[in-house]
Amino acid sequence: MRSPRLLALLATLAFAGVAHADPHVGFMRLSTPDPSGAPIEVGVWYPTDTPETGPAGGMESLPVATGAPVSGDHLPLVVMSHGNGGWFGGHYDTAAALVRRGFVVAALTHTGDNYRDQSRALEMTDRPRQLSVLIGYMLNASPMHARIDPAKVGAFGFSSGGFTVLAAAGGEPNLAATFPAHCLKHPGNYDCRLSAGKPLPAGVLAPTWTHDARIKAVVSAAPALGFSFGREGLKGVTQPLQLWKAGDDEILPDPDYAEAVHRALPRAHDYRVVPGARHFDFLAPCGPQAARQLPGPLCASAPGFDRAAFHADFNRQVATFFATHLGVGER
C-alpha cells in the first residue's frame, strides 16, 4: 500500500509533467495590411493543444496543426526577419523550437525583397518599418492578439534580417557615408555586387529609420551591412542582444559584418561564433524537396559540418535567450 506522502509526490510529478509538456505546433498563413504598401505575407507558428497533421507548403520537415486554435494566455511573441531574397519560412525549425517553449512566432515575407520580387532590395529603410507593422498587427489585430503579452516581444533576424532587427531595436546605420567606400574596397562582396550600377535609394541617402520600443530582446545572425553602424549607430540598441557569426561566412566575410557589429556594440552582449559554418547554415536544414528546388549554396554546408546538429544547438540557444530575457518560465 502506498503512503499518503508517496501518493502526494506522484500526483505532484504527474501535474508537473502535464504543466511542462511541450505544446503542439499550430500554423497559420496570414496577411497584414501595410499603410505604405501592399499587404504583407506572414507565417505564424503558435502553441496549440491540437496534434500536428502534416507539413505546410515549403516546410517539409515540420508537421504542424494548420489553423488549429491557439492555447495559452499572456504568450510571448518573437517576430522574424529573413535575409535578402528569402521568405517567411526560412527559419521554420527555429520558430518551432520557440513554440515548444511557449512562444508565438510571426515571420514576414518582406515586400520587395523576397524570392519572388527583389525590386526594392536596396530600400533598407522599408525593412524595419515593415517589421514594426508586423508587431502592431500581431498585438492588435491578428487572430491570436488577445493571447499575446505586449510586454514580451523579441525580434530575430538573419543576414539582411539581422541588419533589420538591429535597426528596428534602435540602431542608426549610416549607409550614405559608409557604403560607397566599402564597395570601392570590396567590389566582389555580395552586397556590392547586388547594388553594382544602381544608385542608393533616396530613402537610404536621407533615411528615417523605424525604431520600435516594443522590442525587448534581439537575436541577430550574420547581420548584413554591419560596417554601416559604428559605435555611435549602435548606442541606441540597449536591449539584451545575442549575436551570431558564421566562422567561414563566404557571403559576408570578416571583418565588416557580424564582427564589425560585435566590435562596435557599446554594451555587453552574447556573441557566438560557429566554427566551420557558412552563411546559409543559419537557414533551416534542407529536406529532399528543398535540396532539389533551391540553389545549391542555400543547402550546401562545408564538408564535415553537420547543419542539423548545429541547428539543434542553435535553436536551443536562441529559445533559451529569448525565454531568459522575456521572463518566460522553463518548460
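D256 CG to R263 CZ: the interatomic distance, rounded to the nearest 0.5 Å, is 9.5 Å. To the nearest 0.5 Å, atom CZ of residue F305 and atom CZ of residue R278 are 10.0 Å apart. In this structure, Q317 CD and D270 CG are separated by 7.5 Å, a value rounded to the nearest 0.5 Å. Considering CG of L62 and CD of E52, their distance stands at 7.5 Å, rounded to 0.5 Å. Taking CG from L98 and NE2 from H91, the interatomic distance works out to 12.0 Å, rounded to the nearest 0.5 Å. We find the CG-OG distance between D249 and S159 to be 7.5 Å, quoted to the nearest 0.5 Å.
Scanning both residues, P39 and T111, for their nearest heavy atoms gives O-OG1, 4.3 Å. Between V153 and R214 the shortest heavy-atom distance is CB-O, 3.3 Å. The minimum heavy-atom distance linking F280 with P297 is given by the pair CD1-O, 3.4 Å. The heavy-atom pair separating P47 from V104 by the smallest distance is CD-CG2, 4.2 Å. The two residues I215 and A169 come nearest to each other via the heavy atoms CD1-N, 4.4 Å. When all heavy atoms of P150 and L139 are compared, the closest pair comes out as CA-CD2, 3.9 Å.
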- Message: For L131 and L108: C-alpha separation, side-chain torsions, deciding distance, then whether side-chain contact (heavy atoms from CB on, under 4.5 Å) applies.
- Response: CA-CA 8 Å; L131 195 70; L108 77 170; 3.8 Å; yes
- Task: Using the side-chain contact (heavy atoms from CB on, under 4.5 Å) rule, take H279 and F158 through it: C-alpha gap first, then chi angles, then the decisive distance, then the call.
- Result: CA-CA 9 Å; H279 188 70; F158 161 68; 3.4 Å; yes
- Please report the C-alpha distance between L75 and M144 in whole Å, then the side-chain angles of each, then the deciding distance to 0.1 Å, and finally whether the side-chain contact (heavy atoms from CB on, under 4.5 Å) criterion is met. CA-CA 10 Å; L75 299 171; M144 59 285 296; over 6 Å; no
- Item | Trace of the side chain to side chain donor-acceptor pair (under 3.5 Å) decision for S81 with H110 | CA-CA 8 Å; S81 174; H110 280 286; 2.7 Å; yes
- Query: Between M59 and W45, does a side-chain contact (heavy atoms from CB on, under 4.5 Å) hold up when you go through it step by step?
  - Reply: CA-CA 12 Å; M59 296 174 281; W45 298 261; 3.5 Å; yes
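When atom types are taken as modelled, the side chain of T94 and the backbone of N315 share no donor-acceptor pair closer than 3.5 angstrom. Between the K152 side chain and the G327 main chain, a donor and an acceptor come within less than 3.5 Å of each other. Judged by distance alone, with hydrogens and angles left aside, the side-chain atoms of T109 form a donor-acceptor pair with the main-chain N or O of F88 at under 3.5 Å. Between the side chain of H262 and the backbone N or O of H269, no donor-acceptor pair lies under 3.5 Å. A donor-acceptor distance shorter than 3.5 angstrom exists from the side chain of H145 to the backbone of S142, with no hydrogens or angles considered. In terms of modelled atom types and a separation under 3.5 Å, the side chain of Y46 and the main chain of A68 share a donor-acceptor contact. The main-chain N or O of D281 is found under 3.5 Å from a side-chain atom of H311 such that the two form a donor-acceptor pair. In this structure, the side chain of N189 does not engage the main chain of D191 through any donor-acceptor pair within 3.5 Å. Listed for the R307 side chain is no donor-acceptor partner under 3.5 Å among the backbone atoms of A302. Formation of a donor-acceptor pair under 3.5 Å by the R120 side chain with backbone atoms of D113 is not found in this model.
Remark: the S160 side chain and the N84 side chain contain no N/O donor-acceptor pair separated by less than 3.5 Å. A side-chain donor from one of T320 and R101 sits under 3.5 Å from a side-chain acceptor of the other.
Residues in residues 56-75 take part in these salt bridge (Lys or Arg N to Asp or Glu O under 4.0 Å) pairs, two or more places apart or across chains: D73-R147.
A centroid separation of less than 6.0 Å is found between the aromatic rings of F163 and F229.
Taking the six-membered ring for Trp and thresholds of 30 and 60 degrees, H182 and F179 have ring planes inclined between 30 and 60 degrees apart.
For the pair R129/D34, a side-chain contact is recorded, criterion being any heavy-atom separation below 4.5 Å from C-beta on. Using a 4.5 Å heavy-atom cutoff, the side chains of T164 and Q130 are not in contact. F156 is listed as a side-chain neighbour of F322, based on a closest heavy-atom distance under 4.5 Å. At a threshold of 4.5 Å between non-hydrogen side-chain atoms, the residues V219 and W244 count as touching. At least one side-chain heavy atom of L243 sits under 4.5 Å from a side-chain heavy atom of P223. Put simply, the side chain of T210 does not reach to within 4.5 Å of the side chain of V133, judged on heavy atoms. Here the side chains of P285 and D93 are in contact, with some heavy-atom distance below 4.5 Å. A 4.5 Å side-chain heavy-atom check between Y137 and L30 finds at least one atom pair inside the cut-off.
Judged as a side-chain contact (heavy atoms from CB on, under 4.5 Å), and not counting sequence neighbours, A312 has no contacts.
The existence of a salt bridge linking R316 and D313 is confirmed by a sub-4.0 Å separation between a basic side-chain nitrogen and an acidic carboxylate oxygen.
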